[in-house]
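A short write-up of the structure that comes next.
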Amino acid sequence: MQNPDIARLFDEVADLLEIQSANPFRVRAYRTAARTVRDFPEPLSDVAQQGTRGLTELPGIGEDLAGKIRTIVKTGSLPLHRQLVRKVPSGVLDLLRIPGLGPKRVKLLLAKLKIRSAADLRRALAGGRVRTLKGFGPKLVAKIRAGLGQAERVERRLLLHEAEAYATALLKYLRQGGHGDIAGLAVAGSYRRRKETVGDLDVLVTGRDTQRVMRRFLTYPDIAEVVARGATRATVKLTGGVQVDLRAVAPAAYGAALLYFTGSKAHNIELRTLAQDRHLKLNEYGLFSGTRRVAGRTEEAVYARLRLDWIPPELREARGEIALAQAHRLPSLVTLAAVRGDLQMHTLASDGRATLPEMADAARALGYDYIAITDHSRRVTMAHGLDPARLRDQWQEIDAWNAAHRGLTVLKSVEVDILEGGALDLPDELLAEADYVVASLHYGLDRPERVITRQLVTAARHRWVDAIGHPTGRLLGTRPPCRCDFEAVARAAAEAGCLLELNGHPDRMDLPDTLAAAAKTYGVRFALATDSHQPAHLSFMRYAVDLARRAGLEAGDIVNTLPLAQWRAALKRGKRTWNPTRLPRLRALQTTA
DNA sequence: GCCGTTTTCGGCCCGACTGTTTTCAGTCG
């Protein structure tokens, strides 16, 4: 049982309890636990084997849920879940995903019309029986009917990169027609927190005449459907299916609204609880003492009045950032401007679409000091991977380029494939001559955990491997992270002085932020890279930085914020000998934000 | 079900919008 499986069981228990009108706080406890489990960077099965102690240290996991996690890990199922499913048919859970249907209405449908699945619901709608229920008017019935049709299409979250395209175009449109009406305009939500995927866009506007901005928004040419419109909020669906909410707020409330709509939800709840402790009330209109607004114009003012440092949106995930802000110990997050080079990219020699000089010129235009050309090795036949002879040819070309140019250094590098058992796809004596070697897995990513773990650990310890590329192998929306003991990999990497890559390619965003945060606690250092396959891809560095910031990383955690000579001397290959030092075991993630 | 300068009980975030009502419940974020 992997963490996502445990999380799913808890989420289903929450749904089932809710339909049965259980204590809402008990329901919330299961949802909180599901989220904690899903975010935890190590397999909980390992923690569970050592008893309940380690489990109860996790936020939202008490004695009872710790016991349930142990039961799930041991037996693969949960008695409470089976018991609930017996009372409520599992098809009913699908009904909760239909817009307009929540636990109360689903419960009513089940009780009055014996509707236990989407198919039942469809028949009941056709027979006009749903309309007869109290509270089910014509509009709601139409909404449910539409929702049923859509439920069959799998709703995919947008990649951050895709969301950015929608957001940029919309903001430009709104600003152009703003006529000075707009004093503040921002996309909040998970987009502002720079999550790797984004559900919908939450746009916030303030200024003199927000009603006019609201009207202009509703004439945006890309709108397919206006879902709702009110005085302060409008919801639309764009032709691509993306939902956009626009909310208009008064300037005096703009900071509070930005804070509120940026979330995360869990972060907001912690903030409001903190406000309550101080006899204050926090909502999207401001921070209030009684009826008097004591802060709200800016986020900074709200945080300050709660005696907190301003928390960067990327950290607002209720993973301990509020405690750090109280103690003035928030990390000074790395910025894009601090990045001096890009440590993974491809050229025409393998599966890239530009020549080496074209990539180098693009990197110079970005002001980089250095780049690593990391074409694939021969194993990746699909990408026309390099054998030793072709790699040497490329390195000659790089020597010539470096001799002819100033300002940018091109590193002789390669993305060497990790083979079965952790062996590498190119001979050691060749890798020893490289300036920088990235080792990556491309095949057999669905193999058992111990096999993958051994491959990555062995590669991380290899004398000539400087970094592990896209360590989990995930492809967002397509392929889950490989099953692997990342604690063992991170420990091996830290001990051996091997870097872990933060790959900013929008389809990858790999390492995931929670794993990167955990790896940092072992003393792992990181390499930021874009995995570019053409010059335009070099701009993906901003997503690598997003990942790093969400993981709470500072410039000092990342080698390519340093001048070349400085970090290369610190690599394994820069030392005649290196002393692996044992590092402390990972505790919970809370303090790493 | 969790949690604790309110500590083993009694709290647990808050408001907008919609549809269906005629004063509000349910859903959503």
Side-chain angles (χ1 to χ4, degrees), chain A residues 10 13-15 17-19 21-37 52 55-69 78 80 95-109 130-144 147 188-191 193 198-204 226-236 243-249 253 256-257 259-288 306 318 322 326:
Chain A
F10 282 167
V13 166
D15 286 342
L17 284 172
E18 205 167 20
I19 291 171
S21 311
N23 177 350
F25 299 107
R26 188 177 171 214
V27 173
R28 182 191 296 173
Y30 277 98
R31 291 206 201 288
T32 306
R35 180 177 166 279
T36 299
V37 168
T52 53
L55 292 173
T56 54
E57 282 175 23
L58 300 177
I61 308 287
E63 284 301 325
D64 182 88
L65 286 174
K68 289 194 166 79
I69 290 173
L78 181 66
L80 171 65
L95 301 178
L96 288 173
R97 317 277 171 253
I98 295 167
L101 288 186
K104 297 277 165 57
R105 287 174 183 154
V106 167
K107 187 185 178 189
L108 194 69
L109 287 170
V130 177
R131 182 66 186 82
T132 65
L133 292 178
K134 184 159 182 266
F136 285 74
K139 291 257 181 79
L140 180 60
V141 167
K143 184 177 181 177
I144 293 170
S190 50
Y191 178 82
R193 301 200 312 278
V198 174
D200 54 20
L201 296 178
D202 293 306
V203 185
L204 213 58
V226 176
V227 180
R229 66 168 85 184
T232 64
R233 172 181 160 191
T235 300
V236 304
Q243 182 169 310
V244 184
D245 287 352
L246 181 73
R247 291 173 164 93
V249 299
L259 182 60
Y260 179 84
F261 291 111
T262 296
S264 66
K265 192 172 186 170
H267 178 86
N268 286 346
I269 289 171
E270 275 194 32
L271 279 185
R272 282 189 219 116
T273 307
L274 191 69
Q276 264 192 341
D277 291 348
R278 314 237 153 110
H279 306 290
L280 299 168
K281 186 179 73 169
L282 178 62
N283 59 29
E284 59 263 54
Y285 299 108
L287 185 63
F288 294 89
L306 292 170
I322 290 174
Q326 263 174 326

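Reminder, nothing fancy here: chain letters follow the sequence lines and each chain counts from 1. These figures come from a predicted structure and were not determined experimentally.
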Checklist entry - Would A/Arg31 and A/Asp15 pass as an ion pair if we require N to O under 4.0 Å? => result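 Result for this pair is yes, salt bridge flagged.
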Which value, in whole Å, describes the distance between the [atom1] atoms of nucleotides [N] and [M]?
| N | M | atom1 | answer |
| --- | --- | --- | --- |
| B/dA16 | B/dC12 | C1' | 22 Å |
| B/dA25 | B/dT21 | C1' | 10 Å |
| B/dT22 | B/dC28 | P | 23 Å |
| B/dC9 | B/dC14 | P | 26 Å |

Next on the checklist: Under 4.0 Å from OP1 or OP2 of B/dC17: is there any side-chain N or O of A/Thr232 that close?
Outcome noted: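 Answer yes for this pair, as a side-chain N or O of A/Thr232 is under 4.0 Å from OP1 or OP2.
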In whole Å, I'd like the distance from the [atom1] atom of [X] to the [atom2] atom of [N].
| X | N | atom1 | atom2 | value |
| --- | --- | --- | --- | --- |
| A/Lys281 | B/dC14 | NZ | P | 7 Å |
| A/Glu18 | B/dG1 | CD | C1' | 15 Å |
| A/Ile61 | B/dC3 | CD1 | C1' | 13 Å |
| A/Leu282 | B/dC14 | CG | P | 9 Å |
| A/Leu287 | B/dG15 | CG | P | 13 Å |
| A/Leu246 | B/dA16 | CG | C1' | 14 Å |
| A/Leu65 | B/dC2 | CG | C1' | 8 Å |
| A/Leu55 | B/dC2 | CG | P | 12 Å |

Next on the checklist: Heavy-atom nearest nucleotide on DNA chain B for A/Gly230 versus A/Tyr30: which residue maps closer to 5'?
Outcome noted: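 Nearest-nucleotide comparison on DNA chain B picks A/Tyr30.
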Checklist entry - A/Thr273 or A/Gly62: which one's nearest nucleotide on DNA chain B is closer to the 5' end? => result A/Gly62
Next on the checklist: Are A/Val203 and A/Asp245 packed together at the side-chain level, in the sense that at least one heavy-atom pair is separated by less than 4.5 angstrom?
Outcome noted: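 When only atoms from C-beta onward are counted, A/Asp245 and A/Val203 do not touch, as no gap falls below 4.5 Å.
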Next on the checklist: Taking pairing as Watson-Crick or G-U wobble with both contacts under 3.5 Å, can you name the mate of B/dC9, or confirm there isn't one?
Outcome noted: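 By the stated definition (distances under 3.5 Å), B/dG4 pairs with B/dC9.
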Next on the checklist: Of the options B/dG15, B/dC2, B/dT18, whose atoms approach the side-chain atoms of A/Ala228 most closely?
Outcome noted: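 Closest nucleotide to the A/Ala228 side chain: B/dT18.
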Item to check | Nearest-nucleotide pick for A/Asn283, side chain only, options being B/dC2, B/dG15, B/dT6 | outcome: B/dG15
Item to check | From A/Lys281 atom NZ to A/Leu287 atom CG, the distance as rounded to the nearest 0.5 Å | outcome: 10.5 Å
What is the nucleic acid contact for [X], judged by heavy atoms within less than 4.0 Å: base, sugar-phosphate only, or nothing?
| X | value |
| --- | --- |
| A/Asn268 | nothing |
| A/Lys68 | sugar-phosphate |
| A/Arg31 | nothing |

Checklist entry - Hey, which of A/Asp202, A/Val236, A/Leu201, A/Thr235 is the one that makes side chain to side chain contact (heavy atoms under 4.5 Å, CB included) with A/Gln243? => result A/Thr235
Item to check | Neighbour count >12 (heavy atoms, 6.0 Å) for atom CZ, A/Arg229 | outcome: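 No, because the 6.0 Å sphere around CZ of A/Arg229 holds 12 heavy atoms or fewer from other groups.
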Next on the checklist: Main chain of A/Arg193, side chain of A/Ser190: is a donor-acceptor contact present, judged purely on distance under 3.5 Å?
Outcome noted: no
Next on the checklist: For A/Leu306, is there any backbone N or O sitting under 3.5 Å from a side-chain donor or acceptor partner on A/Arg278?
Outcome noted: yes
Checklist outcome for this item: Per-nucleotide protein contact along nucleotides 20-29 of chain B, 5' to 3', at a 4.0 Å heavy-atom cut-off (B base, S sugar-phosphate only, - neither), is S-----SSSB
Checklist entry - Which atom names give the shortest non-hydrogen contact between A/Ala318 and A/Glu270, and what distance separates them? => result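 Nearest pair, atom of A/Ala318 first, then A/Glu270: CB-OE2, 3.5 Å.
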